[in-house]
Amino acid sequence: MLVISCIKQVPDTTQVKIDPVTNTLVREGIPFIINPYDTHALEESLNLKDRFGLRAVALSMGPPNTEATLRKAAALGVDEAILLSDRAFGGADTLATSKVLSAAIERLNDQEEVGIVFCGKQTIDGDTAQVGPGIATRLGFTQLTLVDRIESLDLVKKKIRVRRKLEGRHEIVEAPLPVMITVVRELNRPRYPTVPMRLMAQETEVKVWDNTILKLDATTVGLKGSPTWVSKIFSPERDQGEIIGDGINDPVGTANLLIDKMVDKDMLAI
């Protein structure tokens, strides 16, 4: 049985550049990392591989340089790394992205049964939290979001029990496999690759699947298949900071000044 982690390469800087014509991210010259939430999805797939002998696959959609991100996943211990890369996939919104990822998961499922798909709860460059649920909807998988603990996994009965982190409470849910799970940071602590694994990852084959393999209608993926797009992007203006009172010599008076200002701005209830 396969456990798949969908990971995304995201910019590791706030100094991002946007193409003025397409309003999409300009990737050249910008350092990239694995989306932080996705590192926890990847780690949990490896935990299940270690505990239950599942085969772990890392899946990512992006430009050719995303291969470096997938090699990091290989250095951590995934059995297979697959890059979905084609100019036709470029500029995709969450709807088009979930379509490409779903098609790849279906192809993998034709080769070996897919039991669990992990995604981070959201990405730091988009913050939509839509791709994971989009995959679940397209594939007809049970959808378990905001998971912070895997309570149990029964491969014989094909059932999983998880704990979901909700506002002010937790929820225990049991569901049949296959499932799509989005995870939060509290789920685990990602491991670090060993030096031998890093060296081995440099020789690991990262498979590249383009649209000649997935055979998707080019008008339904990438920028052409994205019904949503960014119409305008700008950096928010920030008000100039203000120093209030003398916190060293008059901490009480300074605290009172701060409270008065917060009350004036209706930031405190009195």
Side-chain angles (χ1 to χ4, degrees), residues 1-9 34 38 41-64 66-86 88-89 92 96-120 131-144 150 153-160 175-183 197 200-218 220-222 225:
M1 181 178 288
L2 293 180
V3 54
I4 298 174
S5 53
C6 297
I7 61 177
K8 184 181 181 183
Q9 180 173 268
I34 300 177
D38 296 349
L42 177 59
E43 173 63 25
E44 200 59 28
S45 72
L46 295 172
N47 285 339
L48 295 185
K49 171 189 172 181
D50 295 341
R51 291 171 56 194
F52 298 98
L54 304 183
R55 201 165 74 85
V57 177
L59 190 63
S60 187
M61 187 183 92
T66 306
E67 180 179 323
T69 293
L70 285 165
R71 289 200 183 280
K72 293 177 183 178
L76 292 170
V78 298
D79 299 293
E80 189 174 359
I82 301 173
L83 171 60
L84 311 175
S85 187
D86 193 299
F89 302 157
T97 298
S98 67
K99 180 166 187 174
V100 175
L101 289 168
S102 298
I105 293 169
E106 284 183 322
R107 182 179 176 86
L108 285 166
N109 191 59
D110 290 340
Q111 301 169 8
E112 186 175 351
E113 182 183 10
V114 173
I116 303 171
V117 176
F118 283 111
C119 298
V131 171
I135 292 172
T137 300
R138 289 183 183 279
L139 296 179
F141 283 13
T142 305
Q143 179 181 157
L144 302 172
I150 304 294
L153 175 62
D154 189 329
L155 294 178
V156 176
K157 296 182 179 179
K158 294 188 177 181
K159 288 185 178 180
I160 190 168
L177 301 182
V179 297
M180 188 291 306
I181 297 175
T182 69
V183 307
M197 291 293 286
M200 183 196 71
Q202 297 307 310
E203 305 299 325
T204 299
E205 178 191 9
V206 175
K207 296 180 180 178
V208 180
W209 290 359
D210 59 16
N211 205 31
T212 61
I213 293 176
L214 296 183
K215 295 180 172 58
L216 296 169
D217 182 347
T220 64
V221 295

Hey, what do you get for [atom1] ([X]) to [atom2] ([Y]), rounding to the nearest 0.5 Å?
X      : Y      : atom1 : atom2 : result
Ile4   : Met180 : CD1   : CE    : 12.5 Å
Leu70  : Glu205 : CG    : CD    : 12.0 Å
Ser102 : Leu139 : OG    : CG    : 4.0 Å
Leu48  : Leu2   : CG    : CG    : 12.5 Å
Lys8   : Ser60  : NZ    : OG    : 9.0 Å
Asp110 : Glu106 : CG    : CD    : 7.5 Å

When you look at Thr220 and Lys99, which way does the side chain to side chain donor-acceptor pair (under 3.5 Å) test go after all the steps? CA-CA 8 Å; Thr220 64; Lys99 180 166 187 174; 2.8 Å; yes

Nearest heavy atoms of [X] and [Y], plus distance in Å:
X      : Y      : value
Gly132 : Cys119 : CA-SG, 3.9 Å
Pro133 : Thr182 : CD-CG2, 4.4 Å
Ala96  : Gly225 : CB-O, 3.9 Å
Ala73  : Ile7   : CB-CD1, 4.2 Å
Phe89  : Trp209 : CE1-O, 4.1 Å
Gln143 : Ala136 : CB-CB, 3.9 Å

List the steps, then state whether side chain to side chain contact (heavy atoms under 4.5 Å, CB included) holds for Arg107 with Ile213. CA-CA 9 Å; Arg107 182 179 176 86; Ile213 293 176; 3.4 Å; yes

Kindly indicate whether the side chain of [X], heavy atoms from C-beta on, has any atom under 4.5 Å from the side chain of [Y].
X      : Y      : answer
Val179 : Phe141 : no
Leu84  : Leu101 : yes
Ile82  : Val206 : no
Lys159 : Leu177 : no
Ile150 : Glu44  : yes
Arg55  : Glu112 : yes
Val57  : Val78  : no
Phe118 : Asp38  : no

Please check: side-chain N/O of [X] versus main-chain N/O of [Y], any donor-acceptor pairing under 3.5 Å?
X      : Y      : value
Thr69  : Gln9   : no
Asn211 : Leu216 : yes
Arg71  : Thr204 : yes

Among Val117, Thr142, Leu144, find the residue that satisfies the side chain to side chain contact (heavy atoms under 4.5 Å, CB included) test when tested with Ile181. Leu144

Inspect the surroundings of NZ in Lys49 and state if more than 12 heavy atoms from other residues, nucleotides or ligands are less than 6.0 Å away. yes

Crowded around Gln202 CD? As in, over 12 foreign heavy atoms under 6.0 Å? yes

Would you please test Leu155 and Leu54 for side chain to side chain contact (heavy atoms under 4.5 Å, CB included) and show each step? CA-CA 10 Å; Leu155 294 178; Leu54 304 183; 3.8 Å; yes

Apply side chain to side chain contact (heavy atoms under 4.5 Å, CB included) to residues Leu153 and Phe52 and explain how you reach the verdict. CA-CA 9 Å; Leu153 175 62; Phe52 298 98; 3.9 Å; yes

One pair to check against side chain to side chain contact (heavy atoms under 4.5 Å, CB included): Ser98 and Arg138. What are the steps and the verdict? CA-CA 8 Å; Ser98 67; Arg138 289 183 183 279; 3.1 Å; yes

